[in-house]
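I have placed the structure first, in the form of C-alpha coordinates, so that the comments after it can refer back to it.
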Protein chains: 2
Amino acid sequence: MPGHHSARSRRTTERKGDVRERAILDTCEALLAHKGYDAMTVGDIAQGAGITRGALYFYFGSKQEVVTALVARTVEHLWERSRVTAQTDEPRQAIAAAMQRTVELWNEHGPVMRTAIDLSLTVPEIGELWKHTADLFIAAITAVLERAGVQAGAAPDQASAMARALCWMIERTFYHASQESREKLQEASATCEHIWLTSAGLIT
Amino acid sequence: MPGHHSARSRRTTERKGDVRERAILDTCEALLAHKGYDAMTVGDIAQGAGITRGALYFYFGSKQEVVTALVARTVEHLWERSRVTAQTDEPRQAIAAAMQRTVELWNEHGPVMRTAIDLSLTVPEIGELWKHTADLFIAAITAVLERAGVQAGAAPDQASAMARALCWMIERTFYHASQESREKLQEASATCEHIWLTSAGLIT
DNA sequence: GGAAAAAGTCTACACCGTGTCGATTTTTAT
DNA sequence: ATAAAAATCGACACGGTGTAGACTTTTTCC
(Lines give C-alpha, C1' and ligand atoms only; values in the text may rest on other atoms or scores of the structure.)
Protein backbone atom coordinates (compact mmCIF):
# COMPACT_ATOMS: atom_id res chain seq x y z
CA MET A 1 0.00 0.00 0.00
CA PRO A 2 1.11 3.57 -0.75
CA GLY A 3 3.10 4.90 2.18
CA HIS A 4 2.93 8.61 1.65
CA HIS A 5 4.71 9.42 4.87
CA SER A 6 4.80 13.16 4.22
CA ALA A 7 2.39 15.53 5.90
CA ARG A 8 -0.76 13.55 5.38
CA SER A 9 -2.91 13.56 8.46
CA ARG A 10 -1.90 14.56 11.94
CA ARG A 11 -2.41 11.02 13.18
CA THR A 12 -1.24 8.14 11.04
CA THR A 13 -2.97 5.25 12.81
CA GLU A 14 -6.26 5.32 14.58
CA ARG A 15 -5.95 4.94 18.33
CA LYS A 16 -7.68 1.91 19.75
CA GLY A 17 -9.53 4.22 22.05
CA ASP A 18 -11.05 6.06 19.11
CA VAL A 19 -12.77 2.88 18.02
CA ARG A 20 -14.02 2.23 21.53
CA GLU A 21 -15.28 5.75 21.87
CA ARG A 22 -17.29 5.37 18.69
CA ALA A 23 -18.59 2.03 19.92
CA ILE A 24 -19.73 3.68 23.14
CA LEU A 25 -21.55 6.43 21.30
CA ASP A 26 -23.15 3.97 18.89
CA THR A 27 -24.30 1.77 21.75
CA CYS A 28 -25.66 4.80 23.54
CA GLU A 29 -27.67 5.80 20.49
CA ALA A 30 -29.06 2.30 20.16
CA LEU A 31 -30.00 2.16 23.83
CA LEU A 32 -31.66 5.56 23.72
CA ALA A 33 -33.76 4.27 20.85
CA HIS A 34 -35.33 1.40 22.74
CA LYS A 35 -34.90 2.04 26.45
CA GLY A 36 -34.89 5.79 26.79
CA TYR A 37 -32.51 7.93 28.80
CA ASP A 38 -33.73 7.15 32.30
CA ALA A 39 -33.84 3.41 31.92
CA MET A 40 -30.41 3.35 30.28
CA THR A 41 -27.67 2.70 32.82
CA VAL A 42 -23.96 3.30 32.32
CA GLY A 43 -23.50 -0.40 32.95
CA ASP A 44 -25.71 -1.05 29.93
CA ILE A 45 -23.65 1.25 27.75
CA ALA A 46 -20.38 -0.30 28.88
CA GLN A 47 -21.67 -3.80 28.31
CA GLY A 48 -22.91 -2.91 24.85
CA ALA A 49 -19.51 -1.49 24.01
CA GLY A 50 -17.74 -4.59 25.31
CA ILE A 51 -16.08 -3.10 28.38
CA THR A 52 -16.83 -2.68 32.07
CA ARG A 53 -18.22 0.37 33.80
CA GLY A 54 -14.84 1.25 35.17
CA ALA A 55 -13.30 1.33 31.72
CA LEU A 56 -16.05 3.54 30.39
CA TYR A 57 -15.23 6.17 32.94
CA PHE A 58 -11.82 6.40 31.30
CA TYR A 59 -13.55 7.85 28.24
CA PHE A 60 -16.37 9.86 29.75
CA GLY A 61 -16.78 11.37 33.17
CA SER A 62 -20.47 10.57 33.48
CA LYS A 63 -23.58 9.30 31.79
CA GLN A 64 -24.48 12.86 30.90
CA GLU A 65 -21.12 13.38 29.25
CA VAL A 66 -21.70 10.35 27.06
CA VAL A 67 -25.00 11.60 25.73
CA THR A 68 -23.65 15.12 25.44
CA ALA A 69 -20.94 13.77 23.15
CA LEU A 70 -23.56 11.85 21.19
CA VAL A 71 -25.71 14.92 20.78
CA ALA A 72 -22.65 16.92 19.72
CA ARG A 73 -21.80 14.32 17.09
CA THR A 74 -25.33 14.32 15.70
CA VAL A 75 -25.71 18.05 15.74
CA GLU A 76 -22.37 18.62 14.03
CA HIS A 77 -23.50 16.28 11.32
CA LEU A 78 -26.58 18.48 10.98
CA TRP A 79 -24.55 21.69 10.78
CA GLU A 80 -22.34 20.11 8.18
CA ARG A 81 -25.30 19.18 6.08
CA SER A 82 -26.96 22.59 6.19
CA ARG A 83 -23.65 24.32 5.41
CA VAL A 84 -23.20 22.22 2.31
CA THR A 85 -26.75 22.49 1.01
CA ALA A 86 -26.94 24.98 -1.81
CA GLN A 87 -28.92 28.06 -0.87
CA THR A 88 -31.64 28.79 -3.33
CA ASP A 89 -33.13 32.24 -3.65
CA GLU A 90 -36.63 31.09 -4.44
CA PRO A 91 -38.53 30.97 -1.11
CA ARG A 92 -40.80 28.10 -2.08
CA GLN A 93 -37.88 25.94 -3.06
CA ALA A 94 -35.88 26.92 0.00
CA ILE A 95 -38.74 25.93 2.28
CA ALA A 96 -39.31 22.59 0.58
CA ALA A 97 -35.60 21.78 0.70
CA ALA A 98 -35.28 22.69 4.38
CA MET A 99 -38.24 20.54 5.34
CA GLN A 100 -36.93 17.61 3.36
CA ARG A 101 -33.54 17.76 5.05
CA THR A 102 -35.21 17.97 8.42
CA VAL A 103 -37.35 14.93 7.75
CA GLU A 104 -34.28 12.93 6.82
CA LEU A 105 -32.43 13.99 9.94
CA TRP A 106 -35.28 12.99 12.21
CA ASN A 107 -35.74 9.70 10.41
CA GLU A 108 -32.11 8.85 10.97
CA HIS A 109 -31.60 10.21 14.46
CA GLY A 110 -35.03 10.72 16.00
CA PRO A 111 -34.22 9.24 19.41
CA VAL A 112 -31.09 11.35 19.79
CA MET A 113 -32.95 14.49 18.77
CA ARG A 114 -35.71 13.80 21.25
CA THR A 115 -33.25 13.10 24.03
CA ALA A 116 -31.37 16.30 23.25
CA ILE A 117 -34.59 18.25 23.60
CA ASP A 118 -35.55 16.49 26.81
CA LEU A 119 -32.19 17.15 28.43
CA SER A 120 -31.79 20.73 27.25
CA LEU A 121 -33.05 21.98 30.57
CA THR A 122 -31.09 19.75 32.91
CA VAL A 123 -27.79 19.45 31.05
CA PRO A 124 -26.46 22.95 30.30
CA GLU A 125 -23.99 21.66 27.69
CA ILE A 126 -26.78 20.08 25.69
CA GLY A 127 -28.92 23.16 26.17
CA GLU A 128 -26.19 25.23 24.53
CA LEU A 129 -25.79 22.84 21.64
CA TRP A 130 -29.50 22.80 20.99
CA LYS A 131 -29.91 26.54 21.40
CA HIS A 132 -27.20 27.12 18.83
CA THR A 133 -28.86 24.73 16.41
CA ALA A 134 -32.20 26.42 16.89
CA ASP A 135 -30.62 29.82 16.28
CA LEU A 136 -29.25 28.65 12.96
CA PHE A 137 -32.66 27.39 12.02
CA ILE A 138 -34.40 30.57 13.12
CA ALA A 139 -31.97 32.70 11.15
CA ALA A 140 -32.66 30.63 8.05
CA ILE A 141 -36.42 30.89 8.47
CA THR A 142 -36.15 34.62 9.08
CA ALA A 143 -34.21 35.06 5.86
CA VAL A 144 -36.81 33.17 3.87
CA LEU A 145 -39.69 35.12 5.38
CA GLU A 146 -38.04 38.41 4.60
CA ARG A 147 -37.27 37.41 1.05
CA ALA A 148 -40.93 36.47 0.70
CA GLY A 149 -41.95 39.95 1.69
CA VAL A 150 -42.55 39.75 5.44
CA GLN A 151 -41.38 42.89 7.14
CA ALA A 152 -38.05 42.59 8.96
CA GLY A 153 -38.01 43.28 12.68
CA ALA A 154 -38.66 41.74 16.07
CA ALA A 155 -42.24 42.82 16.68
CA PRO A 156 -44.76 39.97 17.08
CA ASP A 157 -45.94 40.20 13.48
CA GLN A 158 -42.50 40.62 11.93
CA ALA A 159 -40.06 38.12 10.53
CA SER A 160 -37.81 37.39 13.48
CA ALA A 161 -40.48 36.63 16.06
CA MET A 162 -42.52 34.63 13.59
CA ALA A 163 -39.49 32.59 12.62
CA ARG A 164 -38.91 31.67 16.26
CA ALA A 165 -42.47 30.46 16.70
CA LEU A 166 -42.33 28.51 13.44
CA CYS A 167 -39.08 26.90 14.54
CA TRP A 168 -40.64 25.66 17.77
CA MET A 169 -43.68 24.47 15.86
CA ILE A 170 -41.48 22.36 13.62
CA GLU A 171 -39.37 21.05 16.50
CA ARG A 172 -42.34 19.97 18.56
CA THR A 173 -44.35 18.59 15.69
CA PHE A 174 -41.43 16.49 14.53
CA TYR A 175 -40.69 15.43 18.09
CA HIS A 176 -44.11 13.86 18.36
CA ALA A 177 -44.46 12.58 14.82
CA SER A 178 -41.06 10.87 14.88
CA GLN A 179 -42.30 8.71 17.72
CA GLU A 180 -45.10 7.41 15.57
CA SER A 181 -43.87 6.45 12.12
CA ARG A 182 -42.16 7.69 9.00
CA GLU A 183 -45.54 8.30 7.40
CA LYS A 184 -46.65 10.52 10.25
CA LEU A 185 -43.40 12.41 10.01
CA GLN A 186 -43.95 13.02 6.33
CA GLU A 187 -47.47 14.26 6.95
CA ALA A 188 -46.33 16.44 9.80
CA SER A 189 -43.72 17.91 7.53
CA ALA A 190 -46.33 18.76 4.92
CA THR A 191 -48.47 20.47 7.52
CA CYS A 192 -45.60 22.55 8.85
CA GLU A 193 -44.61 23.48 5.34
CA HIS A 194 -48.13 24.65 4.63
CA ILE A 195 -48.27 26.85 7.70
CA TRP A 196 -44.83 28.23 6.94
CA LEU A 197 -45.90 29.10 3.39
CA THR A 198 -49.09 30.69 4.65
CA SER A 199 -47.21 32.76 7.22
CA ALA A 200 -44.86 33.91 4.47
CA GLY A 201 -47.82 35.06 2.44
CA LEU A 202 -47.06 32.59 -0.32
CA ILE A 203 -50.46 30.94 -0.10
CA THR A 204 -53.50 33.10 -0.42
CA MET B 1 -70.90 26.57 67.30
CA PRO B 2 -73.82 25.51 65.08
CA GLY B 3 -74.05 21.73 65.08
CA HIS B 4 -76.17 20.99 62.03
CA HIS B 5 -75.71 17.27 62.28
CA SER B 6 -78.07 16.46 59.45
CA ALA B 7 -76.86 15.44 55.98
CA ARG B 8 -74.55 18.33 55.26
CA SER B 9 -71.44 17.17 53.46
CA ARG B 10 -70.12 13.66 53.20
CA ARG B 11 -67.18 14.63 55.35
CA THR B 12 -67.81 17.04 58.16
CA THR B 13 -64.24 17.83 59.21
CA GLU B 14 -61.18 17.97 57.05
CA ARG B 15 -58.82 15.11 57.69
CA LYS B 16 -55.42 16.18 58.95
CA GLY B 17 -53.93 14.24 56.09
CA ASP B 18 -55.75 16.38 53.55
CA VAL B 19 -53.90 19.42 54.82
CA ARG B 20 -50.58 17.61 54.69
CA GLU B 21 -51.26 16.38 51.21
CA ARG B 22 -51.86 19.91 50.05
CA ALA B 23 -48.72 21.05 51.84
CA ILE B 24 -46.74 18.36 50.04
CA LEU B 25 -48.05 19.42 46.65
CA ASP B 26 -47.46 23.10 47.39
CA THR B 27 -43.92 22.39 48.50
CA CYS B 28 -43.35 20.31 45.40
CA GLU B 29 -44.52 23.14 43.17
CA ALA B 30 -42.23 25.58 44.95
CA LEU B 31 -39.26 23.24 44.66
CA LEU B 32 -39.89 22.59 40.99
CA ALA B 33 -39.82 26.33 40.47
CA HIS B 34 -36.32 26.86 41.77
CA LYS B 35 -34.52 23.53 41.77
CA GLY B 36 -36.06 21.62 38.92
CA TYR B 37 -37.26 18.02 38.94
CA ASP B 38 -33.93 16.22 38.95
CA ALA B 39 -32.34 18.23 41.72
CA MET B 40 -35.45 17.94 43.87
CA THR B 41 -35.23 15.00 46.25
CA VAL B 42 -38.12 13.43 48.14
CA GLY B 43 -36.25 14.37 51.30
CA ASP B 44 -36.52 17.99 50.21
CA ILE B 45 -40.25 17.71 49.66
CA ALA B 46 -40.82 15.98 52.99
CA GLN B 47 -38.75 18.57 54.83
CA GLY B 48 -40.61 21.42 53.16
CA ALA B 49 -43.90 19.86 54.19
CA GLY B 50 -42.70 19.40 57.77
CA ILE B 51 -42.48 15.62 57.86
CA THR B 52 -39.88 12.91 57.25
CA ARG B 53 -39.34 10.88 54.11
CA GLY B 54 -40.96 7.89 55.69
CA ALA B 55 -44.14 9.82 56.42
CA LEU B 56 -44.31 11.16 52.89
CA TYR B 57 -44.43 7.64 51.54
CA PHE B 58 -47.68 7.23 53.44
CA TYR B 59 -49.25 9.74 51.07
CA PHE B 60 -47.49 8.99 47.81
CA GLY B 61 -45.75 5.89 46.57
CA SER B 62 -42.93 7.71 44.85
CA LYS B 63 -41.48 11.00 43.77
CA GLN B 64 -43.16 10.55 40.39
CA GLU B 65 -46.54 10.04 42.04
CA VAL B 66 -46.15 13.32 43.87
CA VAL B 67 -45.53 15.32 40.75
CA THR B 68 -48.19 13.37 38.87
CA ALA B 69 -50.68 14.48 41.52
CA LEU B 70 -49.42 18.03 41.21
CA VAL B 71 -49.80 17.98 37.46
CA ALA B 72 -53.28 16.52 37.82
CA ARG B 73 -54.27 19.28 40.20
CA THR B 74 -52.98 21.98 37.86
CA VAL B 75 -54.46 20.48 34.75
CA GLU B 76 -57.85 19.99 36.35
CA HIS B 77 -57.78 23.64 37.25
CA LEU B 78 -57.15 24.34 33.58
CA TRP B 79 -60.01 22.13 32.40
CA GLU B 80 -62.28 23.83 34.87
CA ARG B 81 -61.37 27.22 33.55
CA SER B 82 -61.86 26.37 29.88
CA ARG B 83 -65.20 24.69 30.62
CA VAL B 84 -66.50 27.79 32.32
CA THR B 85 -65.26 30.28 29.75
CA ALA B 86 -68.11 31.38 27.50
CA GLN B 87 -67.71 30.19 23.94
CA THR B 88 -67.93 33.01 21.48
CA ASP B 89 -68.80 32.43 17.86
CA GLU B 90 -66.62 35.16 16.46
CA PRO B 91 -63.25 33.53 15.57
CA ARG B 92 -61.14 36.60 16.25
CA GLN B 93 -62.57 36.96 19.72
CA ALA B 94 -62.30 33.27 20.45
CA ILE B 95 -58.63 33.28 19.53
CA ALA B 96 -57.84 36.33 21.61
CA ALA B 97 -59.66 34.89 24.61
CA ALA B 98 -57.93 31.52 24.36
CA MET B 99 -54.50 33.10 24.18
CA GLN B 100 -55.22 35.32 27.12
CA ARG B 101 -56.30 32.41 29.27
CA THR B 102 -53.22 30.49 28.28
CA VAL B 103 -50.91 33.35 29.20
CA GLU B 104 -52.48 33.53 32.64
CA LEU B 105 -52.13 29.83 33.20
CA TRP B 106 -48.45 29.84 32.29
CA ASN B 107 -47.79 32.89 34.40
CA GLU B 108 -49.27 31.17 37.41
CA HIS B 109 -48.01 27.65 36.91
CA GLY B 110 -45.13 27.82 34.43
CA PRO B 111 -42.77 25.47 36.29
CA VAL B 112 -45.44 22.80 36.68
CA MET B 113 -46.41 23.05 33.02
CA ARG B 114 -42.80 22.72 31.94
CA THR B 115 -42.23 19.76 34.21
CA ALA B 116 -45.36 18.08 32.91
CA ILE B 117 -44.07 18.42 29.38
CA ASP B 118 -40.62 17.17 30.31
CA LEU B 119 -41.99 14.10 32.05
CA SER B 120 -44.65 13.23 29.48
CA LEU B 121 -42.33 10.69 27.93
CA THR B 122 -40.99 8.99 31.02
CA VAL B 123 -44.08 9.03 33.25
CA PRO B 124 -47.00 7.46 31.38
CA GLU B 125 -49.58 8.88 33.79
CA ILE B 126 -48.41 12.41 33.10
CA GLY B 127 -48.21 11.66 29.41
CA GLU B 128 -51.90 10.74 29.47
CA LEU B 129 -52.87 13.85 31.38
CA TRP B 130 -50.98 16.07 28.99
CA LYS B 131 -52.19 14.29 25.89
CA HIS B 132 -55.76 14.76 27.02
CA THR B 133 -55.17 18.45 27.64
CA ALA B 134 -53.58 18.85 24.23
CA ASP B 135 -56.51 17.08 22.60
CA LEU B 136 -58.94 19.52 24.16
CA PHE B 137 -56.86 22.37 22.89
CA ILE B 138 -56.54 20.90 19.43
CA ALA B 139 -60.28 20.35 19.21
CA ALA B 140 -60.88 23.97 20.14
CA ILE B 141 -58.41 25.26 17.58
CA THR B 142 -59.89 23.00 14.92
CA ALA B 143 -63.35 24.37 15.62
CA VAL B 144 -62.15 27.95 15.28
CA LEU B 145 -60.31 27.25 12.04
CA GLU B 146 -63.35 25.61 10.53
CA ARG B 147 -65.62 28.43 11.56
CA ALA B 148 -63.15 30.80 9.92
CA GLY B 149 -63.48 28.94 6.66
CA VAL B 150 -60.63 26.44 6.68
CA GLN B 151 -61.72 23.19 5.11
CA ALA B 152 -62.47 20.42 7.58
CA GLY B 153 -60.45 17.23 7.31
CA ALA B 154 -57.18 15.62 8.31
CA ALA B 155 -55.06 16.31 5.22
CA PRO B 156 -51.95 18.41 5.84
CA ASP B 157 -53.62 21.63 4.69
CA GLN B 158 -56.92 21.05 6.44
CA ALA B 159 -58.19 22.13 9.83
CA SER B 160 -57.35 19.14 12.00
CA ALA B 161 -53.70 18.74 11.07
CA MET B 162 -53.09 22.46 11.14
CA ALA B 163 -54.65 22.72 14.58
CA ARG B 164 -52.27 20.08 15.88
CA ALA B 165 -49.22 21.91 14.58
CA LEU B 166 -50.49 25.22 15.95
CA CYS B 167 -51.05 23.60 19.32
CA TRP B 168 -47.47 22.39 19.47
CA MET B 169 -46.27 25.78 18.35
CA ILE B 170 -48.06 27.43 21.22
CA GLU B 171 -46.94 24.84 23.74
CA ARG B 172 -43.30 25.10 22.84
CA THR B 173 -43.23 28.85 22.43
CA PHE B 174 -44.82 29.32 25.83
CA TYR B 175 -42.51 26.72 27.33
CA HIS B 176 -39.50 28.78 26.37
CA ALA B 177 -40.95 32.23 26.90
CA SER B 178 -42.23 31.39 30.38
CA GLN B 179 -38.66 30.73 31.43
CA GLU B 180 -37.68 34.25 30.50
CA SER B 181 -40.20 36.76 31.81
CA ARG B 182 -43.81 37.83 31.76
CA GLU B 183 -43.04 40.34 29.05
CA LYS B 184 -41.57 37.67 26.78
CA LEU B 185 -44.60 35.50 27.40
CA GLN B 186 -46.89 38.32 26.38
CA GLU B 187 -44.88 38.94 23.20
CA ALA B 188 -44.78 35.24 22.43
CA SER B 189 -48.52 35.11 22.81
CA ALA B 190 -48.97 37.94 20.34
CA THR B 191 -46.76 36.17 17.82
CA CYS B 192 -48.66 32.90 18.14
CA GLU B 193 -51.93 34.72 17.84
CA HIS B 194 -50.75 36.38 14.65
CA ILE B 195 -49.72 33.09 13.07
CA TRP B 196 -52.95 31.49 14.15
CA LEU B 197 -54.97 34.31 12.57
CA THR B 198 -52.93 34.09 9.41
CA SER B 199 -53.41 30.34 9.19
CA ALA B 200 -57.13 30.85 9.64
CA GLY B 201 -57.13 33.27 6.72
CA LEU B 202 -58.23 36.13 8.93
CA ILE B 203 -55.22 38.26 8.04
CA THR B 204 -54.55 38.91 4.39
C1' DG C 1 12.85 -6.11 18.52
C1' DG C 2 12.68 -4.60 23.00
C1' DA C 3 12.17 -1.44 26.84
C1' DA C 4 9.82 2.78 28.64
C1' DA C 5 5.79 5.46 28.41
C1' DA C 6 1.16 6.03 27.41
C1' DA C 7 -3.25 4.24 26.95
C1' DG C 8 -6.60 1.18 28.33
C1' DT C 9 -8.89 -2.04 31.62
C1' DC C 10 -10.45 -4.23 35.80
C1' DT C 11 -12.16 -5.10 40.64
C1' DA C 12 -13.42 -3.19 44.85
C1' DC C 13 -15.31 0.45 47.44
C1' DA C 14 -17.75 4.55 49.24
C1' DC C 15 -21.69 7.48 48.55
C1' DC C 16 -26.31 8.92 47.91
C1' DG C 17 -31.14 8.68 46.88
C1' DT C 18 -35.03 5.54 46.69
C1' DG C 19 -38.49 2.79 48.54
C1' DT C 20 -39.93 -0.75 52.34
C1' DC C 21 -40.96 -2.39 57.11
C1' DG C 22 -42.48 -2.73 61.66
C1' DA C 23 -42.92 -0.30 65.80
C1' DT C 24 -44.94 3.74 67.84
C1' DT C 25 -47.69 7.90 68.43
C1' DT C 26 -51.48 10.89 67.26
C1' DT C 27 -56.09 11.70 65.58
C1' DT C 28 -60.79 10.51 65.00
C1' DA C 29 -65.20 8.44 65.90
C1' DT C 30 -68.43 6.67 69.13
C1' DA D 1 -62.81 7.03 77.48
C1' DT D 2 -61.43 3.94 74.45
C1' DA D 3 -60.71 1.33 70.40
C1' DA D 4 -59.91 1.69 65.55
C1' DA D 5 -57.91 4.29 61.95
C1' DA D 6 -54.65 7.50 60.43
C1' DA D 7 -50.22 9.37 60.57
C1' DT D 8 -45.29 9.43 61.74
C1' DC D 9 -40.74 7.83 62.50
C1' DG D 10 -36.08 5.55 62.30
C1' DA D 11 -33.67 1.88 60.43
C1' DC D 12 -32.72 -0.96 56.67
C1' DA D 13 -31.85 -3.04 51.99
C1' DC D 14 -31.13 -2.12 47.22
C1' DG D 15 -29.37 -0.20 43.04
C1' DG D 16 -26.94 3.07 40.37
C1' DT D 17 -23.14 6.45 40.32
C1' DG D 18 -18.58 7.83 40.37
C1' DT D 19 -13.59 7.07 42.37
C1' DA D 20 -9.08 4.69 43.42
C1' DG D 21 -5.36 1.88 42.75
C1' DA D 22 -3.38 -2.14 40.77
C1' DC D 23 -2.78 -4.43 36.59
C1' DT D 24 -2.43 -5.35 31.35
C1' DT D 25 -2.15 -4.05 26.70
C1' DT D 26 -0.76 -0.94 23.04
C1' DT D 27 2.16 2.48 21.13
C1' DT D 28 6.39 4.87 20.57
C1' DC D 29 11.07 5.44 19.87
C1' DC D 30 15.81 4.03 19.45
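Letters A, B, ... mirror the listed sequences (proteins, then strands); counts begin at 1. From a predicted model like this one, the values you see are computed outputs, not experimental measurements.
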Using whole Å, report how far [atom1] of [X] lies from [atom2] of [N].
| X | N | atom1 | atom2 | answer |
| --- | --- | --- | --- | --- |
| Asp18(B) | dA7(D) | CG | C1' | 12 Å |
| Lys63(B) | dT18(C) | NZ | P | 6 Å |
| Phe58(A) | dC23(D) | CZ | C1' | 14 Å |
| Glu21(A) | dT9(C) | CD | C1' | 16 Å |
| Gln64(A) | dG16(D) | CD | P | 17 Å |
| Arg20(A) | dT26(D) | CZ | C1' | 13 Å |
| Phe60(B) | dT18(C) | CZ | P | 15 Å |

Where along residues 42-57 of chain B does a heavy atom fall under 4.0 Å from DNA chain C?
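DNA chain C contact set from residues 42-57 of chain B: Val42(B), Arg53(B), Tyr57(B).
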
For DNA chain C, which residues in residues 29-41 of chain A have a heavy atom at a distance below 4.0 Å?
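Here the set is empty: none.
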
Which residue lies more 5' along DNA chain C, comparing Gly17(B) with Gly17(A) via nearest heavy atoms:
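Result of the comparison: Gly17(A).
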
On DNA chain C, check which nucleotide each of Ser62(B) and Lys16(B) is closest to and give me the residue with the more 5' one.
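Nearest nucleotide further toward 5': that of Ser62(B).
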
Salt bridge [X]-[Y], side-chain N to carboxylate O under 4.0 Å:
| X | Y | result |
| --- | --- | --- |
| Arg81(B) | Glu108(B) | yes |
| Asp26(A) | Arg20(A) | no |
| Asp118(A) | Arg114(A) | no |
| Glu21(A) | Arg15(A) | no |
| Glu80(B) | Arg83(B) | yes |
| Glu128(B) | Lys131(B) | no |

Closer than 4.0 Å, any side-chain N/O of Arg15(B) to the OP1 or OP2 of dA5(D)?
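The answer is no; no side-chain N or O of Arg15(B) sits under 4.0 Å from OP1 or OP2.
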
Do Met162(B) and His194(A) touch side chain to side chain, with heavy atoms closer than 4.5 Å?
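Counting from C-beta outward, Met162(B) and His194(A) do come under 4.5 Å.
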
Beyond-backbone contact of Arg164(B) with Thr191(A), side-chain heavy atoms, under 4.5 angstrom
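Contact flag for Arg164(B)/Thr191(A) side chains = no.
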
Contacts under 3.5 angstrom, residues 31-44 of chain A side chains, donor-acceptor by atom type, not counting sequence neighbours:
| unit_1 | atom_1 | unit_2 | atom_2 | d |
| --- | --- | --- | --- | --- |
| His34(A) | ND1 | Ala30(A) | O | 3.0 |
| Lys35(A) | NZ | Asp44(A) | OD2 | 3.0 |
| Thr41(A) | OG1 | Gly43(A) | N | 3.4 |
| Asp44(A) | OD2 | Thr41(A) | N | 3.1 |

